[in-house]
Amino acid sequence: MEPTAYVGVQEIKPLQQLLDKVAEHKGCGTSGGSGKSSCGSSAGPADMSPEVWEKVKNHPCYSEEAHHHYARMHVAVAPACNIQCNYCNRKYDCANESRPGVVSEKLTPEQASKKVLAVASAIPQMTVLGIAGPGDPLANPEKTFKTFELISKTAPDIKLCLSTNGLTLPDHVETIKSFNVDHVTITINMVDPEVGQHIYPWIYYRNKRWKGIDAARILSERQLLGLEMLTEAGILCKVNSVMIPGINDQHLVEVNRAVKSRGAFLHNIMPLISAPEHGTVFGLNGQRGPSAQELKALQDACEGEMNMMRHCRQCRADAVGLLGEDRSAEFTTEKIDAMAVEYDATTRQAYQELVEEQRQAKVAAKQAELAGLAGAESDIKLLIAVATKGEGKVNEHFGHASEFQVYELSTAGAKFVGHRRVDLYCQGGYGEEDTLPTVIRAINDCHAVFVAKIGGCPRDELKAAGIEPVDRYAYEFIEQSAIAYFRDYLAQVASGEIVHQPRGDADIRQGAYIAAA
C-alpha cells in the first residue's frame with residue numbers, strides 16, 4: 001500500500017506527490033541573495049512592509065489568517081517565575097484543559113530540542129517554537145537560551161519566539177536579538193501602579209521582594225522600557241492584556257495607547273480565567289471574568305488605535321498543534337524516546353507550499369464572493385459561529401466541536417472576532433443533553449451556527465433558542481460561505497421574509513475542556 005501524507009484535515013495526498021513537490025521547489029529557499037524565502041505568496045497586506053509580512057505570514061499567533069493553516073508548539077523549560085499574578089496558579093493541571101501556565105511535564109533544553117524535532121517531523125505545518133513558561137522564560141534565561149541555541153542548530157527553519165512578563169526583559173534584549181528571535185510577547189495589564197497593585201501581590205527584582213504600588217511601578221517601568229528596546233531592535237512585539245472587570249477593564253484603553261506609542265505590533269486583550277477550581281486569588285475571591293460582549297466592546301474600542309488579536313486561545317505552556325487544538329499528549333517524553341525521528345527540512349518546506357496553495361485558494365474564494373456584496377448598503381451586523389477543524393473551512397460536526405470560531409458579518413465582509421470554547425456535546429457517540437444549554441449560552445449572541453453536520457435534537461434546540469443551524473456550506477471555505485449567507489440574509493430582510501433582530505449576550509466558558517475526558 002502506498003504511504004500517505006496529510007495536507008490539512010480533509011485532503012489526503014500520496015507521499016509520492018509530496019516528493020514531486022519537493023523536486024519542483026528545489027532551490028526555492030532563497031532568492032536574489034536576500035536570504036528570504038521566495039516560495040508561497042510574496043505579496044502581503046497593503047499596510048505591511050515585505051519584511052514584516054515575511055515574519056508573520058506563517059506565524060499563527062501574529063496572523064489571524066495564518067492560524068487556520070499553521071501550527072505552533074510550546075516547550076515547558078522555564079519553571080521559575082519572578083512575579084505573582086492574582087489570576088495565576090501554576091500548580092493545577094488537567095490534561096484536557098487549556099490555560100496559561102499549565103503543563104503536564106517540565107523539560108530540560110535537551111529534551112525540548114528532541115521534542116521539537118519529533119513534532120516538526122510529524123506536523124510539518126508547525127512553523128513556530130515558543131517558550132511561555134510555565135513560569136517566565138526570562139526568569140530562567142539559561143534554560144531558555146540553551147533551548148533556542150539547540151533548536152537554531154538542528155531546525156533553523158522554525159521561527160523562535162517567547163512570552164514574558166517583562167520584568168527582566170531589558171537585561172536580555174541583546175541576547176534575544178542574537179538568537180534571531182523575531183517575535184516577543186509581553187503581558188502588560190496596566191501602566192498605572194494604582195491599578196497594578198490589585199493585580200500583582202509581589203515581584204522579585206534585584207534580590208528583593210517588592211509589594212504593592214512599588215512592585216507595580218517597577219514592573220510597569222521595566223515592561224515599557226523592554227518594549228521600546230525590542231522595537232528599536234526590529235523585533236515584533238505582541239502585548240497580552242488580561243481583562244479584569246472592575247479592576248483594569250476601562251484602564252486597558254490607556255494601556256492600548258501606551259503600547260502603540262512604543263511600537264507594539266499587535267495587542268491581545270484576553271478574558272480573565274477565574275474559575276474557583278483553579279485556585280487563583282481572583283478565582284477564590286469571586287472576581288468575575290467578562291462576558292463575550294464586554295470583551296468584544298473593549299476590543300472594538302481599542303481597534304482604532306492598533307491591530308487587535310482576537311484569535312488567542314490562552315494556550316497551555318506545553319501546547320502543540322493548531323490554535324484551538326492540543327496534541328501534546330501525543331508527544332510525551334516517554335513516547336518521544338520511543339520514536340525514530342528523521343527531520344527533513346526540505347520535505348517540510350514542500351508540505352508548507354501545499355498548505356500555502358490551499359491558503360491562496362481560500363483568499364481567492366473570499367474575494368470572489370465579496371464582489372457580490374459590492375454596492376450593498378445596510379447597517380446590519382450580525383455574528384455567526386463556525387464549527388471547524390482548521391484550513392479555514394466549515395468542516396466539523398456540531399457535536400464534536402470543542403470550540404466555535406465567531407465571525408462578524410457586515411457589508412464589509414466577514415471579520416473574525418473571536419472564539420468560544422465549549423464542552424463537547426457528543427461524547428462516546430451520544431449527545432450529552434446537559435451540555436447543550438451551555439453550548440447554546442456560549443454562542444447565544446450569534447444568529448447562526450455553521451456546521452458540517454448536526455443531529456436532529458441539537459438542531460431543534462438551536463432553532464428554539466433563535467440560532468439558525470446551517471449545514472449547507474459543509475466543507476466549504478468559511479469566509480466565502482459567510483459572505484454568501486449574509487447576502488442571502490440581507491435579501492430576506494429586504495423582501496420582508498425575516499425581520500432582523502439583535503441577539504443577546506453570551507458566556508465565555510471558563511475552564512471548558514478541549515478534548516473529551
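Starting from 1, each residue takes its place in the sequence as its number.
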| Backbone N or O of Val242 within a donor-acceptor pair of the Asn248 side chain at under 3.5 Å? | yes
When rounded to the nearest 0.5 Å, the distance separating CG of Leu266 from CE of Met308 is 8.0 Å
>> Using side-chain heavy atoms (C-beta onward) and a distance below 4.5 Å, is Val75 in contact with Ile131?
In response: yes
Distance col, row Leu129:CG vs Ser152:OG, nearest 0.5 angstrom, shows 10.5 Å
In short, Val255 meets Ser241 closest at the heavy-atom pair CG1-OG, 4.0 Å
(message) Counting neighbours of CH2 on Trp202 that are heavy atoms of other residues, nucleotides or ligands and sit closer than 6.0 Å, is the number greater than 12?
(response) yes
Notebook entry, point to check: In terms of side-chain geometry, is the basic nitrogen of Glu330 or Lys335 positioned less than 4.0 Å from the acidic oxygen of its partner?
Noted result: no
- prompt: Would you find a donor on one side and an acceptor on the other, under 3.5 Å apart, between the side chain of Gln197 and the backbone of Glu194?
  reply: yes
Test side-chain contact (heavy atoms from CB on, under 4.5 Å) on Ile247 and Leu272 and set out the steps. CA-CA 11 Å; Ile247 293 181; Leu272 171 70; over 6 Å; no
>> Closer than 3.5 angstrom, by distance alone: can the side chain of Gln287 be matched with the main-chain N or O of Ser274 as a donor-acceptor pair?
In response: no
Practice item. Check whether any side-chain heavy atom of Asn140 lies under 4.5 Å from a side-chain heavy atom of Val77, and answer yes or no. Key: no
query = Quick one: does Thr164's side chain have a donor or acceptor within less than 3.5 Å of a partner on Ile186's backbone?
reply = no
Output for pair (Leu167 CG, Ile83 CD1), nearest 0.5 Å, gives 7.0 Å
Margin query: Measuring only between side-chain heavy atoms, which start at C-beta, is Ile158 closer than 4.5 Å to Met126?
Written below: yes
Between Glu408 and the options Arg310, Lys415, Lys296, the side chain to side chain donor-acceptor pair (under 3.5 Å) test singles out Lys296
In short, Ala78 meets Pro137 closest at the heavy-atom pair CB-CA, 3.7 Å
Val259 side chain reached by Val191 side chain, heavy atoms, under 4.5 Å:
no
Report task. State whether a side-chain donor-acceptor pair under 3.5 Å links Thr388 with Asn395. Result -> yes
Using a distance-only test with no angle check, is there a side-chain donor-acceptor pair under 3.5 angstrom linking Gln349 and Glu353? yes
So Phe179 and Phe145, would you call those rings parallel, tilted or perpendicular, with 30° and 60° as cut-offs? parallel
_Any heavy-atom pair between the side chains of Val253 and Asn256 that's under 4.5 Å?_
no
Leu117 and Ala155 have their tightest heavy-atom pair at CD2-CB, 3.9 Å
Separation between CG (Asn86) and CZ (Phe282), nearest 0.5 Å, reads 4.5 Å
Would the distance check show the side chain of Asp337 and the main-chain N or O of Glu334 forming a donor-acceptor pair, the cut-off being under 3.5 Å? no
**Request:** Report the C-alpha separation of Arg72 and Cys161 in whole Å, then their side-chain angles, then the decisive distance to 0.1 Å, and conclude whether the side-chain contact (heavy atoms from CB on, under 4.5 Å) test is met.
**Result:** CA-CA 10 Å; Arg72 87 308 187 208; Cys161 62; over 6 Å; no
I'd like to know if the side chain of Thr168 reaches the main chain of Asp171, judged simply by a donor and an acceptor atom lying under 3.5 Å from each other, with no hydrogens or angles considered.
no
* Do Pro141 and Thr175 come close enough that some side-chain heavy atom pair is under 4.5 Å? -> no
Applying ring-ring contact (aromatic ring centres under 6.0 Å, His included) to Phe148 and not counting sequence neighbours gives none
Smallest heavy-atom separation, Gly135 atom then Cys81 atom, equals CA-CB, 4.0 Å
Discussion item. With no hydrogens and no angle check, just 3.5 Å: does a side-chain donor-acceptor pair link Glu356 and Gln360?
Written reply: yes
dist Arg327:CZ -> Met73:CE (nearest 0.5 Å) comes out at 11.5 Å
message: Checking the side chain of Thr154 only, and the main-chain atoms of Leu150 only, is there a donor and an acceptor separated by less than 3.5 Å?
response: yes
Exercise for the section: Flag the pair Lys153 and Glu149 as a salt bridge only when some basic side-chain nitrogen lies within less than 4.0 angstrom of an acidic carboxylate oxygen. Expected result: yes
When rounded to the nearest 0.5 Å, the distance separating NE2 of His183 from NZ of Lys159 is 6.0 Å
- Query: Are any of the side-chain nitrogens in Arg420 or Asp507 under 4.0 Å away from the carboxylate oxygens of its partner?
  - Reply: no
- Query: Do the charged groups of Asp214 and Lys208 touch, with an N to O distance under 4.0 Å?
  - Reply: no
Donor-acceptor contact present, side-chain Gln223 to main-chain Asn165, <3.5 Å
yes
Using side-chain heavy atoms (C-beta onward) and a distance below 4.5 Å, is Ile218 in contact with Tyr200?
no
What one should report as the nearest heavy-atom pair of Asn240 and Met270 is CB-CE, 3.8 Å
message = Show, in sequence, the C-alpha distance, side-chain angles and deciding distance for Thr147 and Leu160, and conclude whether the side-chain contact (heavy atoms from CB on, under 4.5 Å) test is met.
response = CA-CA 10 Å; Thr147 303; Leu160 304 177; over 6 Å; no
Could you check whether any side-chain heavy atom of Leu219 comes within less than 4.5 Å of a side-chain heavy atom of Tyr205, counting everything from C-beta outward?
no
- Task: Keeping the roles fixed (side chain from Arg421, backbone from Glu403), state whether a donor-acceptor pair exists under 3.5 Å.
- Result: no
Lys143, NZ atom: more than 12 neighbouring heavy atoms under 6.0 Å
no
| Phe416 and Glu479: CA distance, side-chain angles, deciding distance, side-chain contact (heavy atoms from CB on, under 4.5 Å) verdict | CA-CA 9 Å; Phe416 182 93; Glu479 293 176 61; over 6 Å; no
Original post:
Can you find a side-chain donor-acceptor pair between Asn82 and Asp136 that sits under 3.5 Å?
Top reply: no
Between Gln352 and Pro124 the two heavy atoms that sit nearest each other are NE2-O, 2.8 Å
